[in-house]
Amino acid sequence: MNYQGVIFDLDGVICSTDQYHYQAWKALADRLGIYFDPVINNRLRGVSRMESLDIVLEKSSRSYTRAEKEALATEKNDTYRQLLQQMSPADLSGDVAETLETLKSRGIRIAIGSSSKNASVILERIGLSGAFDAVVDGNSISRSKPDPEVFLKAAQALGLPPEKCLVVEDAHAGVAAALAGGFACAGIGDAAGNPDVTYRLTALSDLLKL
Ligand code: B16
Ligand code: MG
């Protein structure tokens with residue numbers, strides 16, 4: 001591999017919290033009588049909580065005040081955090097665990113670059129607290145993906161320039177963020193179909209062949 005650091009998105013790359021995001025948004029949309037489906041949910045990948053809410057509310061017939069929106073975002077997050085309780089180290093796939101271990105054994109520095117404000121809870125639940133050289137998440141940034149801030153901060157925390165780091169993303173917003181920051185980007189899942197990615201991964205361990 002020609003990179004000294006790899007910056008991983010969390011939801012959809014390291015673990016499958018995307019299904020819990022879907023369930024929590026769906027519960028909120030159903031309660032409000034707003035249409036919501038997996039296609040709309042795909043647009044929420046990598047996007048911050050409040051921006052996600054705006055997308056969910058696009059199908060609403062009424063408008064919501066800022067205070068109402070804060071309450072709705074809190075309601076969704078409470079449902080989501082409840083769902084996260086069922087996660088355990090069993091939710092860390094062997095493919096992901098082995099890939100991280102092998103990269104580390106090769107001296108490659110690894111970081112998390114996530115939009116989520118729940119990143120540390122998730123890492124703890126799947127047994128990856130302390131596994132990364134740096135964790136930059138939704139609490140440390142002011143601009144969400146597709147802005148490159150989260151990845152630039154992660155590279156800085158690793159002590160590496162963007163051109164020496166590879167970003168791994170499952171979301172189109174995340175791919176755009178990586179490229180805008182001057183990073184190469186490997187797409188997995190939804191983002192493997194993005195025409196702009198530098199590499200396409202079927203499994204995370206494909207990284208070890210680069
Ligand atoms: P939270 P990632 C993103 O995480 C999710 O993909 C996105 O669906 C979510 O809205 C966002 O985090 C904010 O999450 O509500 O937990 O702060 O993919 O960037 O790791
Ligand atoms: Mg993601």
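Computed over heavy atoms, backbone and side chain alike; hydrogens, waters and symmetry mates excluded. When a ligand or atom number is given, it counts from 1 through the structure's own listing order. Everything quoted here is computed from the prediction, not taken from an experiment.
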I'd like to know if [X] contacts ligand 1, where contact means a heavy-atom distance under 4.0 Å to any ligand atom.
{"X": "Ala171", "result": "no"}
{"X": "Gly46", "result": "yes"}
{"X": "Lys145", "result": "yes"}

Once salt bridge (charged side-chain N to carboxylate O under 4.0 Å, His left out) is applied, what residue pairs with a partner in residues 165-176 remain, sequence neighbours excluded?
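Counting only pairs at least two positions apart or across chains, the salt bridge (charged side-chain N to carboxylate O under 4.0 Å, His left out) contacts touching residues 165-176 are Arg45-Asp170, Lys145-Glu169.
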Residue pairs, two or more places apart or on separate chains, that pass salt bridge (charged side-chain N to carboxylate O under 4.0 Å, His left out) and touch residues 34-43
Arg43-Glu58
Treating [X] as the side-chain partner and [Y] as the backbone partner, does any N or O pair qualify as donor plus acceptor under 3.5 Å?
{"X": "Asp147", "Y": "Ser144", "answer": "no"}
{"X": "Ser115", "Y": "Gly46", "answer": "yes"}
{"X": "Asn139", "Y": "Lys117", "answer": "yes"}
{"X": "Arg200", "Y": "Gly193", "answer": "no"}

Can you tell which of Leu10, Ile14, Ile112, Ile122 makes a side-chain contact (heavy atoms from CB on, under 4.5 Å) with Leu128?
Ile14
Of the choices Asp9, Leu44, Asn118, which has the non-hydrogen atom that lies closest to atom 8 (O) of ligand 1?
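The option holding the nearest heavy atom is Leu44.
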Between Leu53, Val47, Asn139, which one has a non-hydrogen atom sitting closest to atom 11 (C) of ligand 1?
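Result: the heavy atom closest to atom 11 (C) of ligand 1 is in Val47.
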Are Phe36 and Leu44 side-chain neighbours, meaning at least one heavy-atom pair lies under 4.5 Å?
yes
Distance criterion under 2.8 Å: protein N/O/S atoms around the Mg ion (ligand 2):
3
The criterion is side chain to side chain contact (heavy atoms under 4.5 Å, CB included); which residues satisfy it with Ala73, sequence neighbours excluded?
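Expected list: Arg49, Met50, Leu53.
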Between ligand 1 and Asp170, is the shortest N or O to N or O distance under 3.5 Å?
no
